[in-house]
Amino acid sequence: MLKFDIQVSGFDGIQEKVIGALDKSEHIVAIQAAKDTAPFVPMLTGSLTNRTKVEGGDIIYPGPYARYLYYGKLMVSPSTGSAWAEYGETKVLARPEKDLTFNRASHALAQAHWFEASKSLNMEKWENVARRATARELK
């Protein structure tokens, strides 16, 4: 995640403009990061990709299954050991631990920890997007 902090005193109007510009820039970078990260997100039906949203500077992948996929480990019902759990039941890591296998038919780069994979390839691009967006907003 990219964060921006600026301390300005005595210039309330300037401070408000800078804060507003940084908020807008953060949102623009989050939109770009979500687009660049999509090819790394596991996709079978498209539900996760279609329901992903950007709010402010946050990329939100919905549902408990997004977390499950992100960490890429098989989780099971503690009572049955099945990958299917009863409604309201909290899954636990399978023993022995087992990595999930992702279908790559729709997203050839699909993997666990998809944001880190995207970040390793796109960080410089995101920094440039942030610089351009901030400069544009401060004009």
Side-chain angles (χ1 to χ4, degrees):
M1 181 185 304
L2 298 174
K3 293 276 186 187
F4 304 99
D5 290 321
I6 294 182
Q7 298 295 321
V8 180
S9 61
F11 300 99
D12 292 338
I14 294 172
Q15 184 177 8
E16 287 177 22
K17 184 172 182 171
V18 169
I19 290 170
L22 293 178
D23 286 344
K24 288 180 183 177
S25 297
E26 186 178 43
H27 181 71
I28 290 166
V29 171
I31 290 169
Q32 185 65 55
K35 287 178 186 176
D36 292 339
T37 302
F40 297 90
V41 177
M43 180 171 145
L44 190 57
T45 65
S47 175
L48 182 59
T49 299
N50 293 336
R51 293 178 35 209
T52 298
K53 59 186 173 181
V54 175
E55 290 183 0
D58 296 326
I59 303 169
I60 301 168
Y61 297 94
Y65 69 95
R67 183 172 189 257
Y68 173 76
L69 292 174
Y70 191 79
Y71 289 103
K73 298 290 182 185
L74 179 62
M75 305 281 289
V76 297
S77 162
S79 60
T80 67
S82 168
W84 297 97
E86 294 292 325
Y87 180 78
E89 187 174 34
T90 301
K91 291 183 175 184
V92 296
L93 276 174
R95 294 290 178 211
E97 281 189 23
K98 182 177 177 186
D99 290 337
L100 297 176
T101 302
F102 297 106
N103 179 321
R104 293 194 168 103
S106 296
H107 287 168
L109 301 172
Q111 59 189 281
H113 302 278
W114 55 77
F115 185 78
E116 283 75 15
S118 180
K119 180 179 169 184
S120 71
L121 292 177
N122 294 301
M123 187 62 171
E124 187 175 324
K125 176 183 181 179
W126 299 342
E127 289 170 347
N128 289 332
V129 168
R131 273 192 286 282
R132 288 192 311 268
T134 302
R136 186 173 51 249
E137 292 298 325
L138 289 175
K139 278 188 177 183

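- Put simply, the side chain of Val76 does not reach to within 4.5 Å of the side chain of Ser82, judged on heavy atoms.
- Considering every non-hydrogen atom in both Pro42 and Ala110, the closest pair reads CA-CB, 3.7 Å.
- Between Phe115 and Trp126, the angle of the ring planes stays under 30°, which puts this pair in the parallel group of the 30/60° scheme.
- To the nearest 0.5 Å, atom NZ of residue Lys119 and atom CG of residue Asp36 are 14.0 Å apart.
- Here NE2 of His27 is found 11.0 Å from CG of Asp58. Values are rounded to the nearest 0.5 Å.
- Tyr71 and Val92 fall within a single hydrophobic cluster, where Ile, Leu, Val, Met, Phe, Trp and Tyr side chains are chained together by heavy-atom contacts under 4.5 Å.
- A distance of 5.5 Å separates CD in Glu137 from CD1 in Ile28, rounded to the nearest 0.5 Å.
- Side-chain contact between Arg51 and Lys53 is absent, with no heavy-atom pair separated by less than 4.5 Å.
- Here the shortest heavy-atom pairing between Ala66 and Pro62 reads CB-O, 3.2 Å.
- Each of Leu44 and Met75 belongs to its own hydrophobic cluster when Ile, Leu, Val, Met, Phe, Trp and Tyr are linked at side-chain heavy-atom distances under 4.5 angstrom.
- Note on Tyr70: it does not cluster hydrophobically with Ile60, by side-chain heavy-atom contacts below 4.5 Å among ILVMFWY residues.
- Taken to the nearest 0.5 Å, the CE atom of Met43 stands 13.0 Å off from the CG atom of Leu69.
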Walk me through whether Glu97 and Leu74 qualify under side chain to side chain contact (heavy atoms under 4.5 Å, CB included).
CA-CA 7 Å; Glu97 281 189 23; Leu74 179 62; over 6 Å; no
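- Atom NZ of Lys24 is surrounded by 12 or fewer heavy atoms from other residues, nucleotides or ligands within 6.0 Å.
- With Asn128 as the partner, the side chain to side chain donor-acceptor pair (under 3.5 Å) test is satisfied by one option alone out of Glu124, Lys125, Arg132, Arg131: Arg131.
- Of all heavy-atom pairs between Ser77 and Lys91, the closest is N-CG, 4.4 Å.
- Sorted by first then second residue, the side-chain hydrogen bond (donor to acceptor under 3.5 Å, both in side chains) pairs that include residues 98-113, not counting sequence neighbours, are Lys73-Asp99.
- Across every non-hydrogen atom of Phe102 and Ala112, the tightest pair is CE1-N, 3.3 Å.
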